[in-house]
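Convention: sequence-line order gives letters A, B, ...; per-chain numbering from 1. Small disclaimer: the values here were computed from a predicted structure and weren't measured.
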Protein chains: 2
Amino acid sequence: MKNNINEPSGIQADDCPSVDGLRMTRQRSEVYKVLMDHRDHPTAGEVFERAKENMPTISLATVYNCLEALVQHGAVRQVNFERESSRYCPNLTEHGHFHDEESGEIIDVPLKKGAMLSDLLELPEGAQIDNLEITLRGTIAE
Amino acid sequence: MKNNINEPSGIQADDCPSVDGLRMTRQRSEVYKVLMDHRDHPTAGEVFERAKENMPTISLATVYNCLEALVQHGAVRQVNFERESSRYCPNLTEHGHFHDEESGEIIDVPLKKGAMLSDLLELPEGAQIDNLEITLRGTIAE
DNA sequence: AGCACTTTTTAGAATAATTCTAATTATTGA
DNA sequence: TCAATAATTAGAATTATTCTAAAAAGTGCT
């Protein structure tokens, strides 16, 4: 790969706050920036298209690799709607996703402060929850 | 297809309570029975394997068709865990799913009676919810 | 800087769940 | 019984994602 940008691999805090233990390569930083830029839950393919604008040599496999690395280090969340392509979301606060069937838009749905999941759900005895996904599909009345 | 079983296509209430507007074929009824028999959230492939025991000529495409028909008519729910194969669930009460990472088991998690989703989530103004999916991943402490 | 070592990136091939296609079979209702 | 519609089937096609193996980049030591 031609690397003509004279840039250290440690990234400005603004771009990506050096995710714990994750080496910040130019590609990972670009992928992360794409997600931060418009926070609209793009698919890997969409991230690829956007990343190519700044970094024409990036490959789709790398985008997948970067997304996986970012997800595993907790810098980004992976969101699944039924059988569609995974989407990626840089919002790390606990939240669900509302999929507007009319506009196609995906809207972050924050958990109410202080709300306990166990108020809503009859969880199994002793359950330790590592991951929670709440997805909603519907419409918005005008 | 060889059809050597002399059986009307209308199904016993016990097998499948004539889902509104859905013609109950032998295959759909078999697929539904598989789901009712062990309620363990099988994948389409697993449903296929089980259905073949009683109906060796059934095809995988038909299993997919039947599952889709049953889902669309609300007789069965489709459950997705991340990128895994879809799973199918005949429990029609509102509930989520807990995926035990140790045993691999999937456990239905009932919504508490009277609990409102809007107590937990900051829903968008005017949201009409057609579909809600709550999935949890974790472990169970002994 | 030079060198050995590890990690990442890359293009393209492979995989696997699901959907599609077109032909056959079953079902319905006149 | 016949025509019309719907469902089933085998196998091909699709598509998101993962894998592979080679090249490139990064790291750390002297």
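Look at CD on A:Glu30: it is 15 Å from C1' on C:dT9, rounded to the nearest Å. With rounding to whole Å, B:Tyr32 atom OH is found 18 Å from D:dA7 atom P. Atom-to-atom, CG of B:Leu67 to P of C:dA17 comes out at 15 Å; the value is rounded to the nearest Å. The nearest whole Å value for the distance from the CG atom in A:Leu70 to the C1' atom in C:dT8 is 13 Å.
Pairs passing the ring-ring contact (aromatic ring centres under 6.0 Å, His included) check and including a residue from residues 86-112 of chain A, sequence neighbours excluded, read A:His41-A:His97, A:Phe81-A:His99, A:His95-A:His97. Residue pairs meeting the ring-ring contact (aromatic ring centres under 6.0 Å, His included) criterion with at least one member in residues 46-73 of chain A: none, sequence neighbours excluded.
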Checklist entry - Could you write nucleotides 12-18 of chain D as a row of B, S and -, 5' to 3', where a protein heavy atom under 4.0 Å of any base atom gives B, of only sugar-phosphate atoms gives S, and otherwise -? => result ----SBB

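The salt bridge (charged side-chain N to carboxylate O under 4.0 Å, His left out) test applied to B:Arg50 returns B:Asp40, not counting sequence neighbours.
For B:Gln27 and D:dT9, the shortest distance from a side-chain N or O to OP1 or OP2 is below 4.0 Å. Side-chain N/O atoms of B:Thr57 include none lying less than 4.0 angstrom from OP1 or OP2 on D:dT8.
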Could you list the donor-acceptor pairs under 3.5 angstrom formed between side-chain atoms of residues 111-118 of chain A and any protein atom two or more places apart in sequence or on another chain?
unit_1	atom_1	unit_2	atom_2	d
A:Lys112	NZ	B:Ser118	O	2.7

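Nearest to the side chain of A:Ser59, among C:dT10, D:dA10, D:dT8, sits C:dT10.
Remark on the helix from C:dA1-D:dT30 to C:dA30-D:dT1: inter-end axis angle 40°, axes from five-pair C1' superpositions, rounded to 10°.
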